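As structure tokens, the structure follows; a few thoughts come after it.
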Amino acid sequence: MKIAITGHTAGIGQAFTKILESRGHEIIGISRRTGENIRRIEHTANLIESCDMFINNAQTQYAQTELLYAVWSRWRGKDGKYIWNISTQMTEHPVNSTPDGQDDLTMSQYRNQKIALEEASRQLRFKNAWPNISIIRPGGVATQETFDNTNKADVDPWVKSIVDVFSHNENIIISEISVGYTKRRIPI
């Protein structure tokens, strides 16, 4: 499968890149570190158009949502296309939290940008059967070395668990999933 991943050089995007490449998939990486910018919506959508799957991970203002619309419009009605939108568990709370000493206003803007992404995902999902759109909400995942990663899940096993959930369950569709951190494993 040919998979486009935004933000593929760090954090969750990098972890998706590693695990999916190890499973034999061709990765089209799109990151600022490699000279790309998701704010160039049409250019980025052109890079993604020939792919089978798009992991919409990188976020800058509302570009993540705008890119979702651009890719969806190109893939509308095309069987076998998948979009995974990486959001945040912050969208599940009535107000934003302020993790790791981040600025409250910045985190409020971030939360609202992710809410826009989720609402766009839901609207587009019900307009057409394809592409298949899923919302993935990480919570408490160690994505940046500059943050305090105490009590956070390591990003590589977190991403592996997401890929396993989606790939090991035939004949089901996961529309939305929230996966966070816990110190305690469920003994089942």
Side-chain angles (χ1 to χ4, degrees), residues 1-88 91 110 113-114 116-138 141 143-144 155-169 173-179:
M1 184 178 267
K2 188 174 179 181
I3 303 171
I5 303 174
T6 58
H8 79 292
T9 59
I12 289 172
Q14 183 179 46
F16 272 119
T17 297
K18 286 190 293 190
I19 192 167
L20 293 170
E21 277 183 335
S22 76
R23 293 183 182 197
H25 299 286
E26 178 185 353
I27 303 301
I28 304 302
I30 302 166
S31 296
R32 284 184 291 190
R33 291 180 182 153
T34 59
E36 298 297 341
N37 186 336
I38 66 167
R39 286 185 177 176
R40 297 172 52 204
I41 303 298
E42 289 305 311
H43 169 78
T44 306
N46 284 337
L47 297 174
I48 297 166
E49 188 169 9
S50 67
C51 295
D52 306 300
M53 180 177 197
F54 170 38
I55 299 178
N56 191 9
N57 173 60
Q59 186 267 345
T60 179
Q61 297 178 345
Y62 289 93
Q64 189 179 20
T65 303
E66 293 171 23
L67 187 55
L68 166 63
Y69 279 112
V71 172
W72 182 87
S73 67
R74 291 162 189 247
W75 285 1
R76 184 178 190 172
K78 293 185 180 177
D79 190 16
K81 302 283 189 175
Y82 301 88
I83 300 173
W84 289 359
N85 289 310
I86 309 302
S87 185
T88 176
T91 62
Y110 174 79
Q113 291 157 5
K114 292 295 190 173
L117 174 68
E118 290 190 15
E119 287 303 313
S121 299
R122 291 181 190 108
Q123 289 176 9
L124 294 175
R125 187 168 45 232
F126 290 103
K127 289 185 182 293
N128 227 26
W130 293 100
N132 179 273
I133 300 172
S134 298
I135 299 168
I136 301 170
R137 286 186 211 90
V141 179
T143 60
Q144 298 184 29
V155 69
D156 291 323
W158 184 89
V159 165
K160 182 183 181 306
S161 71
I162 295 297
V163 171
D164 287 347
V165 164
F166 278 86
S167 64
H168 292 179
N169 295 290
I173 293 173
I174 300 169
S175 299
E176 300 186 23
I177 186 170
S178 297
V179 180

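The figures that follow rest on heavy atoms only: side chains count, while hydrogens, waters and symmetry mates do not. Predicted model only: the values in this text are computed from it and were never measured.
The two residues T34 and G29 have their closest heavy-atom pair at OG1-O, 4.4 Å. C51 and K81 make their closest contact through O-NZ, 2.5 Å (heavy atoms, listed as atom of the first residue, atom of the second, distance). The minimum heavy-atom distance linking A15 with V159 is given by the pair CB-CG2, 3.5 Å. Across T65 and A120, no two heavy atoms sit closer than the pair CG2-CB, 3.8 Å. Here the shortest heavy-atom pairing between I41 and A63 reads CD1-O, 3.7 Å. In plain terms, the two heavy atoms of A45 and A70 that are nearest each other are CB-CB, 3.9 Å.
With hydrogens and angles disregarded, a donor-acceptor distance shorter than 3.5 Å links the side chain of N57 to the backbone of T6. Looking at K2, its side chain never comes within 3.5 Å of a backbone N or O of I48 through a donor-acceptor pair. The main-chain N or O of T9 is found under 3.5 Å from a side-chain atom of R33 such that the two form a donor-acceptor pair. In terms of modelled atom types and a separation under 3.5 Å, the side chain of W158 and the main chain of V179 share a donor-acceptor contact. Judged by distance alone, with hydrogens and angles left aside, the side-chain atoms of H8 form a donor-acceptor pair with the main-chain N or O of I30 at under 3.5 Å. With S134 contributing its side chain and I174 its backbone, the two residues share a donor-acceptor pair below 3.5 Å. Under a 3.5 Å cut-off, the side chain of Q64 and the backbone N or O of N56 do form a donor-acceptor pair. For the pair R125 (side chain) and S175 (backbone), a donor-acceptor distance under 3.5 Å is present.
Taking a cutoff of 4.0 Å between a charged side-chain nitrogen and a carboxylate oxygen, R122 and E118 qualify as a salt bridge.
Atoms CD1 and NE2, from I19 and H25 in turn, are 9.5 Å apart once rounded to the nearest 0.5 Å. Rounding to the nearest 0.5 angstrom, the gap separating the CG atom in N132 from the CD1 atom in I173 is 5.0 Å. Note: N85 CG to W72 CH2 = 13.0 Å, rounded to the nearest 0.5 Å. Expressed to the nearest 0.5 Å, how far CD1 of I135 lies from CD of E119 amounts to 7.5 Å. A distance of 10.5 Å separates CE in M1 from CD1 in I27, rounded to the nearest 0.5 Å. For the atom pair CD (E176) and OG (S87), the distance works out to 9.0 Å, reported to the nearest 0.5 Å.
Within 6.0 Å of CZ on R32 lie no more than 12 heavy atoms contributed by other residues, nucleotides or ligands.
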Query raised in the report: How far apart are the C-alpha atoms of F16 and I86, what are their side-chain angles, what is the distance that settles it, and do they pass the side-chain contact (heavy atoms from CB on, under 4.5 Å) test?
Result: CA-CA 11 Å; F16 272 119; I86 309 302; 3.9 Å; yes
Report task. Check the pair R39, Q61 against side-chain contact (heavy atoms from CB on, under 4.5 Å), reporting the backbone distance first and the verdict last. Result -> CA-CA 9 Å; R39 286 185 177 176; Q61 297 178 345; 3.1 Å; yes
Query raised in the report: Should I136 and I12 be marked as a side-chain contact (heavy atoms from CB on, under 4.5 Å) after you check the CA-CA gap, both sets of side-chain angles, and the distance that decides it?
Result: CA-CA 11 Å; I136 301 170; I12 289 172; over 6 Å; no
Report task. Using the side-chain contact (heavy atoms from CB on, under 4.5 Å) rule, take E36 and H43 through it: C-alpha gap first, then chi angles, then the decisive distance, then the call. Result -> CA-CA 9 Å; E36 298 297 341; H43 169 78; 2.7 Å; yes
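Counting heavy atoms from C-beta on, the side chains of Q113 and T60 never come closer than 4.5 Å. Side-chain contact check for Q123 versus Y69: some heavy-atom pair is nearer than 4.5 Å. L20 places a side-chain heavy atom less than 4.5 Å from the side chain of I5. Counting only heavy atoms from C-beta outward, the side chains of F54 and L67 approach each other to under 4.5 Å.
Classification of the W84-F166 ring pair by plane angle, with boundaries at 30° and 60°, yields tilted.
Of the candidates D164, V163, D156, K160 forms a side chain to side chain contact (heavy atoms under 4.5 Å, CB included) with just one, namely D164.
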